[in-house]
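Only one structure is covered here, and it is reproduced in the block below.
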Amino acid sequence: MKKLHLYFLPLILVSIFMIEEGCTHKDLNEDAHTMIADQVEVIFDWSKAPAKEAKTMVLYLYSDEHEMMDYRFNNPDGGLIRTYAGPHTAVCHSNDDPYGHHLRNNHSHDEIEIFTNETAVLVGQGISTRGIPRAKGTEDEPLRETPSMIYGTHKRDVNLKVSALPQKLELFPEELICRYSVEFADVENLKSADIHIDATISSLAGGYYPGRMMPTSETVSHTFTLTPDLDNKSLNAQFYTFGLPDGEEKEHKLCLYIALKNNTGGFFTFDVTDQVNKAPDPRNVSIRLFGLKLPEIPDDPLPPQGEGGISIEVDTWDTYHYDLKV
């Protein structure tokens, strides 16, 4: 019995190591030992993103000779893998929000794309997006959630040798995401606003190509929520985006949706094209607007028992177009 325990102990340890460090989603061709790089140490060097927050990473290895191999790491530093030898292109990205971020076209290192969910409800006030007004010219853009922070990079001409000896694959992830902030200053009648106000911003990139280190050309409207600051008479939001879409410059419209308790709502539109397209740092965009006046919301009597809150459907929207100072 003691010998049997000693026999299985190495197998248990190897299994634990693979679970902790990384694993493939496809089996190697075990009959082709002459093609295997047996001990490849994957190292994620964070010198290009020293303030990293990533907890998990995914690595894709693309080869002309073999199918794509993917490896998942339950840590941000890497681990030991087995893979096919020969030339590869490596693509990696963080994987901390698998429910909010999605992949498509991962068969190609140039076409693999990260994108986000479509928005069915404006989450701040629980308003359904079905039938909400849209800024002119943006009606056909998908409404998408904003992304979380994503890190990643690619590396071409990775040459792995046929060997049972250790060899290294070092990658340098960077931030793939842009930071946006929105502030409405000196807002009138702010106390009339709900605790959250929903908003959209149009014509931003719908996704990102980590294999090219660039955003996609698809344009979407991102949804986000602004929080009132009654003391400073302001509305504020901070969120992430994939940045400006690849290609020619677009117009960018910012819309506010303020639902009232009588099943009507205020719909406000603003042209923020210059603040977005001419931002000094396109990866850190600050939008600041002045002169917004919200409608006064009368104090409603208590709702009948069994009812409460605002409806997720708004019957009519009063539209306001603003030409505000920036």
Side-chain angles (χ1 to χ4, degrees), residues 22-26 28-29 35 37 40 42-46 48-49 52 54 56-73 76 78 81-98 100-118 141-142 144-161 167-178 203-220 222 240-250 282-283:
C23 60
T24 77
H25 281 199
K26 304 181 182 69
L28 298 175
N29 181 356
M35 298 189 296
V40 178
V42 177
I43 301 171
F44 297 114
D45 184 314
W46 292 93
K48 292 186 177 181
K52 76 171 191 297
T56 61
M57 295 293 290
V58 181
L59 169 66
Y60 305 89
L61 291 179
Y62 296 90
S63 167
D64 292 338
E65 301 296 327
H66 307 286
E67 61 184 339
M68 182 271 291
M69 303 295 293
D70 62 311
Y71 303 84
R72 301 176 186 271
F73 302 89
I81 66 170
R82 297 178 72 236
T83 191
Y84 291 108
H88 294 79
T89 295
V91 177
C92 71
H93 64 82
S94 58
N95 192 45
D96 294 341
D97 190 6
H101 298 153
H102 302 284
L103 289 175
R104 57 188 168 202
N105 302 324
N106 60 352
H107 61 279
S108 164
H109 58 79
D110 279 333
E111 298 300 323
I112 183 172
E113 178 189 348
I114 305 171
F115 64 102
T116 56
N117 294 310
E118 290 199 17
E141 285 188 354
R144 296 266 185 85
E145 296 175 2
T146 57
S148 305
M149 176 53 72
I150 306 173
Y151 303 88
T153 192
H154 70 241
K155 188 174 185 178
R156 302 178 187 272
D157 301 322
V158 174
N159 192 20
L160 300 175
K161 300 177 181 179
Q167 49 190 314
K168 293 182 178 181
L169 170 55
E170 195 167 16
L171 298 163
F172 297 82
E174 304 175 27
E175 291 185 357
L176 306 183
I177 297 299
C178 301
S203 303
L204 296 178
Y208 198 89
Y209 295 126
R212 303 187 211 174
M213 297 294 283
M214 62 182 292
T216 67
S217 60
E218 178 193 23
T219 58
V220 304
H222 276 310
Y240 296 119
T241 77
F242 294 111
L244 297 176
D246 183 43
E248 64 181 22
E249 287 189 348
K250 309 290 185 181
R283 300 191 65 82

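Distance SG/Cys92 to NZ/Lys155: 10.5 Å, rounded to 0.5 Å. Interatomic distance, OG1 of Thr83 versus CG of Leu59, reported as 8.5 Å (0.5 Å rounding). In this structure, the separation between CG on Leu103 and CD1 on Ile112 is 5.0 Å, given to the nearest 0.5 Å. Interatomic distance, CD1 of Ile177 versus CD1 of Ile150, reported as 4.0 Å (0.5 Å rounding). Distance check: Phe44 CZ to Ser94 OG gives 10.0 Å after rounding to the nearest 0.5 Å.
Taking the side chain as every heavy atom from C-beta outward, Leu171 and Ile43 never approach each other to under 4.5 Å. Counting heavy atoms from C-beta outward, Lys48 and Pro173 have side chains that stay 4.5 Å or more apart. Between Leu244 and Pro215 there is no side-chain heavy-atom pair separated by less than 4.5 Å. Within the 4.5 Å cutoff, no side-chain heavy atoms of Thr89 are placed close to those of Leu61. Under the 4.5 Å side-chain criterion, counting only non-hydrogen atoms from C-beta, His66 is in contact with Met35.
Of the residues listed (His154, Glu111, Glu113), the one engaging Arg212 in a side chain to side chain donor-acceptor pair (under 3.5 Å) is Glu111, and it is the only one.
The two residues Pro245 and Ser217 have their closest heavy-atom pair at CB-O, 3.9 Å. Nearest approach of His109 to Val91, heavy atoms of both residues: CB-CG2, 4.0 Å. Ser203 approaches Thr219 most closely through the heavy-atom pair CA-CB, 4.0 Å.
Taking the six-membered ring where tryptophan is involved, the planes of His102 and Phe115 are tilted, since the angle between them lies from 30° to 60°.
A donor-acceptor pair shorter than 3.5 Å cannot be found between the side chains of Asn95 and Thr56. Between the side chains of Ser148 and Asp97, at least one donor-acceptor pair of N or O atoms lies under 3.5 Å.
Judged purely by atom type and a 3.5 angstrom limit, His222 uses its side chain to pair as donor or acceptor with the backbone of Arg144. In this structure, the side chain of Thr216 engages the main chain of Gly207 through a donor-acceptor pair within 3.5 Å. Between the side chain of His88 and the backbone N or O of Tyr84 there is at least one donor-acceptor pair closer than 3.5 Å. Proximity of a side-chain donor or acceptor of Arg72 to a complementary backbone N or O of Met57 within less than 3.5 Å is not detected. At least one donor-acceptor pair closer than 3.5 Å links the side chain of Ser108 to the backbone N or O of Asp110. The closest donor-acceptor contact from the side chain of Tyr151 to the backbone of Phe172 lies at 3.5 Å or more, if one exists at all. Side-chain atoms of Glu65 never come within 3.5 Å of backbone atoms of Gly86 as a donor-acceptor pair (strictly under, hydrogens ignored). A donor-acceptor pair under 3.5 Å links the side-chain atoms of Tyr208 to the main chain of Met214, judged by distance alone. Looking only at distances, a side-chain donor or acceptor of Trp46 sits under 3.5 Å from a matching main-chain atom of Pro76. The backbone N or O of Lys161 sits less than 3.5 Å from a side-chain atom of Gln167, completing a donor-acceptor pair.
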For this session: Could you please spell out the steps behind the side chain to side chain contact (heavy atoms under 4.5 Å, CB included) verdict for Ile81 and Phe73?
Result: CA-CA 10 Å; Ile81 66 170; Phe73 302 89; 3.8 Å; yes

Exercise. What do the steps show when you test Phe242 against Leu204 for side chain to side chain contact (heavy atoms under 4.5 Å, CB included), and what is the final call?
Worked result: CA-CA 7 Å; Phe242 294 111; Leu204 296 178; over 6 Å; no

Problem set entry | Derivation of the ring pair (Phe, Tyr, Trp, His ring centres under 6.0 Å) call for His93 and Tyr60 | CA-CA 9 Å; His93 64 82; Tyr60 305 89; 5.6 Å; yes

Exercise. Step by step, would you call Arg104 with Glu218 a salt bridge (Lys or Arg N to Asp or Glu O under 4.0 Å)?
Worked result: CA-CA 14 Å; Arg104 57 188 168 202; Glu218 178 193 23; 3.5 Å; yes

For this session: Mind running side chain to side chain contact (heavy atoms under 4.5 Å, CB included) on Lys52 and Glu175 for me, showing each step along the way?
Result: CA-CA 8 Å; Lys52 76 171 191 297; Glu175 291 185 357; over 6 Å; no

For this session: Apply side chain to side chain contact (heavy atoms under 4.5 Å, CB included) to the pair Leu160 and Val40, showing each step before the final yes or no.
Result: CA-CA 8 Å; Leu160 300 175; Val40 178; 4.2 Å; yes

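Annotation: Asn159, atom CG; neighbour count of heavy atoms from other residues, nucleotides and ligands within 6.0 Å is above 12.
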